[in-house]
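Please read the structure below before turning to the comments.
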There are 2 protein chains.
Amino acid sequence: MFSKACEYGIRASIFIAERSLMGMKVSLKEVANAIDSPEAYTSKILQKLSRHEIVSSEKGPNGGYLIGPQQIEKVMLNEIVFAIDGDKVYQGCGLGLPKCDGAKPCPAHHQFKIIRDELKEMLETTTIKSLTLGLSESLTFLKR
Amino acid sequence: MFSKACEYGIRASIFIAERSLMGMKVSLKEVANAIDSPEAYTSKILQKLSRHEIVSSEKGPNGGYLIGPQQIEKVMLNEIVFAIDGDKVYQGCGLGLPKCDGAKPCPAHHQFKIIRDELKEMLETTTIKSLTLGLSESLTFLKR
DNA sequence: CTTTTATCGGACAAATTTGTCCACTTTAAT
DNA sequence: ATTAAAGTGGACAAATTTGTCCGATAAAAG
Ligand code: FES
Ligand code: FES
């Protein structure tokens with residue numbers, strides 16, 4: 001569905017959001033450990049999210065990543081997907097034609113459009129914050 | 001959503017099915033041309049579909065690919081996806097955890113499960129034959 | 001039986017994605 | 001000021017996916 005980079009990005013954002021809600025910053029090492037991802041690779045992904053102003057980063061001792069109080073209410077899943085994977089989820093044809101185009105559709109356009117529209121709706125209405133809810137009670141997990 | 005190989009595989013199957021319904025066989029070259037795919041790569045994919053008994057192949061002069069009269073009524077989209085991409089569509093976690101597992105779910109499991117179940121349902125109930133319908137009237141397209 | 005035509009399958013090559021390393025910058029603490 | 005602790009960013013490496021080449025195999029036609 002998404003690239004591995006995007007999966008890491010979402011998991012990382014959820015973790016940072018959870019800690020930010022508790023008023024904490026987290027280091028790269030903590031993120032990588034929490035979501036079980038390669039540290040340096042995760043760093044690249046967080047840089048991208050930082051440039052897209054989805055997460056904030058602070059350098060120096062006691063630095064780390066966080067999501068500010070205003071941002072945390074607003075960041076939707078689709079922003080992270082868009083920042084990392086671009087618009088291929090939105091514009092891509094299920095059968096691989098250059099672009100999904102209802103005016104010249106592939107044979108499965110109708111079937112795929114239904115699914116894709118629902119996925120889009122889900123991504124656009126799900127906040128990162130809402131995804132942190134089950135974490136502290138161990139109802140949900142960021143690694144296994 | 002799917003690998004490129006899988007996209008080629010579905011497009012190829014739809015094309016072969018359309019011709020098979022007209023009682024024709026098609027050569028590798030015709031397939032690759034019809035779906036705008038690299039010939040040798042398409043060959044690998046058709047071999048895989050052939051080994052999974054989704055399409056039939058015949059060697060020698062007047063050889064080519066076809067889908068038999070019984071098969072064409074039965075082949076569903078999900079069989080092609082499964083033959084090429086395996087069960088990652090079915091078992092994969094949306095956030096990249098090793099396996100989607102409701103007993104130890106990722107934070108977005110609920111949201112993803114809804115989408116994935118619908119995708120699964122769609123793939124399992126859509127026949128290749130049904131996807132050929134708009135082709136001859138140029139209502140749908142296998143390449144652009 | 002030979003030739004021609006087609007798929008089969010293994011080895012190889014290119015491109016993309018994923019992952020690593022290290023020098024650099026920024027910032028806080030001493 | 002100096003040092004140590006963090007993220008930054010560029011170059012590189014490994015792995016995976018995508019794509020190519022070519023000889024082997026099978027079958028029909030002459
Ligand atoms: S054209 Fe293929 S999904 Fe829309
Ligand atoms: S565990 Fe992540 S989608 Fe089910």
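Letters A, B, ... are given to chains in the order of the sequence lines, protein chains preceding strands, and every chain is numbered from 1.
Considering only side-chain atoms of B/A5, the nucleotide from D/dT18, D/dG7, C/dT5 that sits closest is D/dT18. Of all nucleotides listed (C/dC8, C/dT27, C/dC21), C/dT27 comes nearest to the side chain of A/K59. Side-chain proximity of A/Y41 to the nucleotides D/dT20, C/dT7, C/dT18 is greatest for C/dT18. Among the nucleotides D/dA28, D/dA5, C/dT18, the one closest to the side chain of A/P61 is D/dA5. Of the candidate nucleotides C/dC8, C/dG19, D/dT18, C/dC8 has the atom lying nearest to any side-chain atom of B/S57.
For the residue pair A/Q47 and A/S43, a side-chain donor N or O sits within less than 3.5 Å of a side-chain acceptor on the partner.
Between the NZ atom of A/K48 and the C1' atom of D/dG7 there is a distance of 17 Å, rounded to whole Å. The CD atom of A/E39 sits 11 Å away from the P atom of C/dC21 (whole-angstrom rounding). Nucleotide D/dG7 holds its C1' atom 13 Å from the CG atom of A/L66, rounded to whole Å. Rounding to whole angstrom units, CD of residue A/E58 and P of C/dA28 are separated by 8 Å. If you measure from atom CZ of A/R11 to atom P of C/dT18, you get 13 Å, rounded to the nearest angstrom. Protein atom NZ of B/K25 is 16 Å distant from nucleotide atom P of C/dT5, rounded to whole Å. Spacing between atom CD1 of B/I45 and atom P of C/dG9 amounts to 15 Å, rounded to whole angstrom units. In this structure, the CG atom of A/L49 is 14 Å from the P atom of D/dG7, given to the nearest Å.
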* To do: Check the pair A/D36, B/L97 against side chain to side chain contact (heavy atoms under 4.5 Å, CB included), reporting the backbone distance first and the verdict last.
  => CA-CA 9 Å; A/D36 191 27; B/L97 298 195; over 6 Å; no
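Side-chain contact between A/L95 and B/Y8 is absent, with no heavy atoms from C-beta onward closer than 4.5 Å. Looking at heavy atoms from C-beta onward, A/Y90 lies in side-chain contact with A/K120 at the 4.5 angstrom threshold.
Between B/Y8 and D/dT18 there is no side-chain polar atom (N or O) within less than 4.0 angstrom of OP1 or OP2. The side chain of A/R51 places no N or O atom within less than 4.0 Å of a non-bridging phosphate oxygen (OP1 or OP2) of D/dT8. Phosphate contact (OP1/OP2 of C/dC8, side-chain N/O of B/Y65, threshold under 4.0 Å): present.
Residues B/F82 and B/L131 fall into different hydrophobic clusters, defined by Ile, Leu, Val, Met, Phe, Trp and Tyr side chains chained together at heavy-atom separations under 4.5 Å.
The residue among B/N62 and A/Q47 whose nearest nucleotide of DNA chain D lies closer to the 5′ end is A/Q47. Each of A/G60 and A/F2 was matched to the nucleotide of DNA chain C holding its nearest heavy atom; the match closer to the 5' end belongs to A/F2. Mapping A/L28 and B/S3 onto DNA chain D by nearest heavy atom places A/L28 closer to the 5' end of the strand.
For A/K44 and D/dG10, a side-chain-to-base donor-acceptor distance below 3.5 Å is present, hydrogens and geometry of angles not being considered.
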